[in-house]
Amino acid sequence: MFSSKENKNYGAVFTLHSVRAGRGLENRYNEFIEISEHKVEELIKYLVRLGVRFVSLTELEESLLLSKPGKPLVHMSIDDGYADNFQIAFPIFKKYKVPFSIFITTNFIDTEKPFWFWYYVEAMIKAQQLFSFPKYSIEITQESYKQEAKEALASRINSFLIENIDKDRAYFTEQILAQFDDSLWSTIPSPLSWEQIREMQASGLCSIGVHTCSHARFTALSEVEQKKEVQKSIKVLEEQLAERIKYFSFPYGTYKDIGERKHLPELLREQGIIMAFTTEPEELNSSADKYFVPRLFINEQTTNYSLRARLNGSYQRSISRRIFNSDHGTS
């Protein structure tokens, strides 16, 4: 599988978010960032059968300097800071001795109402709640629910918020929290506590990285604001964990979300970051820029076939060809 002359891929950095208990997932509008514990274990078992080498972030950095890595490399990373990372994912990683990392959004941790707006929108729309953002002439009414499927409506509102929330965060935070029905709080995922993060850190399996303070989309921020987001979140993590923080992942993570990139390696280096991660589906090898290391989503829809395609690079190459053909008007 990994001997093809075309293959220049070293393996993959996989990224997860929320890991849910049990088998399968109920109908959820954020399923792209969700995976069940059964699926996580199933995929790890399959990777073990394939003979991959599970690596820490330190080992990954060292391996990317090699001309050939030997066994395909796999690193498991998690973004944001959901409590289920500790409650559900951590025991699985310990069982199989799999190194992993968690990139922490520091404003979410140990808070009663972490502002992951994507889950607030899901809860409100599932409950068919009425809400609005008058400043932006957006109003969700009963007529909205008659005219548009709930899942499509949730996708539209979340896309709008992703594009606009970092330009007007105080307004959207106030509006959403003021309108959110108290009966829906039980549906919102809980965040990690600092105690849970320290326990994972102490295990020797878990590396802690930074994911900004507020999950800010870099393309919406000035360079000064970007620096503040990184600087403040690193300061909080280092104070809480008594450890130097060296790794970073970009919120949302595509190049569209990151925006202008030329200045970012220097900005991150100045804050002590030695490696940073995107969610771009590119090949992982010695040519990878260590400040824009590709990562690939895995979720409940990931199959053994799609996992193999990501490991050997055929998935990434197919996307590159598609983009190239689109840019050059070929098919």
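Computation of the quantities below employed the complete heavy-atom set of this structure, encompassing side-chain atoms and omitting hydrogens, waters and symmetry-equivalent molecules. Computed from a predicted structure; not experimentally measured.
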Q. Should Glu266 and Arg269 count as an ion pair when the cut-off is N to O under 4.0 Å?
A. yes
Q) Is the closest basic N to carboxylate O distance between Glu42 and Lys39 below 4.0 Å? A) yes
Q) Do Tyr315 and Tyr305 have ring centres separated by under 6.0 Å? A) no
Q. Just wondering, do Phe292 and Glu280 contact through their side chains at under 4.5 Å, heavy atoms?
A. no
Q: Assert yes or no for the condition that the ring centre distance of Phe172 to Phe117 is strictly below 6.0 Å.
A: no
Q. Arg20 and side chain to side chain donor-acceptor pair (under 3.5 Å): which partner among Glu34, His38, Glu26?
A. Glu34
Q) Do Gln142 and Gln128 get their side chains close enough for a donor-acceptor pair, meaning under 3.5 Å? A) yes
**Q.** Trp185 ring center near Tyr120 ring center (under 6.0 Å)
**A.** yes
Q. For residues Asn30 and Glu122, is any side-chain donor paired with an opposing acceptor at under 3.5 Å?
A. yes
Q. Any chance the side chains of Asp168 and Tyr136 put a donor and an acceptor closer than 3.5 Å?
A. yes
(Q) Taking side-chain hydrogen bond (donor to acceptor under 3.5 Å, both in side chains) as the cut-off, I'd like each qualifying pair that reaches into residues 84-94, sequence neighbours left out, listed once. (A) Ser18-Asp84
Q) Counting heavy atoms not belonging to Glu143, are there more than 12 under 6.0 Å from its CD? A) yes
Q | Salt-bridge contact Arg261-Asp289 (side-chain N to carboxylate O under 4.0 Å) | A | no
Q) Going by an N to O cut-off under 4.0 Å, is there a salt bridge joining Arg156 and Glu148? A) yes
Q: Would you mind reporting whether Phe277 and Thr15 have side-chain heavy atoms less than 4.5 Å apart?
A: no
Q.
In the structure I gave you, are the side-chain heavy atoms of Ile78 and Phe93 within less than 4.5 Å of one another anywhere?
A. yes
Q) Can you list the residues that meet the ring-ring contact (aromatic ring centres under 6.0 Å, His included) rule with Phe108, with sequence neighbours excluded? A) Trp116
Q: For the residue pair Thr278 and Arg295, confirm or rule out a side-chain donor-acceptor distance under 3.5 Å.
A: no
Q. Under the side-chain hydrogen bond (donor to acceptor under 3.5 Å, both in side chains) rule, what pairs show up with a residue in residues 95-105, not counting sequence neighbours?
A. Glu41-Lys95, Glu41-Tyr96, His75-Ser101
Q | By side chain to side chain contact (heavy atoms under 4.5 Å, CB included) - contacts of Lys71 (at least two apart) | A | Arg53
(Q) For Arg217, give me all partners under salt bridge (Lys or Arg N to Asp or Glu O under 4.0 Å), at least two apart in sequence or on another chain. (A) Glu163, Asp257
Q: Please tell me if the side chains of Ile298 and Leu307 come closer than 4.5 Å, counting only heavy atoms from C-beta onward.
A: yes
Q) Does NZ or CZ of Lys126 lie under 6.0 Å from the centre of the six-membered ring of Tyr29, at an angle within 45° of the ring axis? A) yes
Q. Does a salt bridge link Arg317 with Glu283, judged by any charged N lying under 4.0 Å from a carboxylate O?
A. yes
Q: Among residues two or more places apart or on two chains, list those pairs meeting salt bridge (Lys or Arg N to Asp or Glu O under 4.0 Å) that have a residue in residues 232-247.
A: Lys235-Glu239
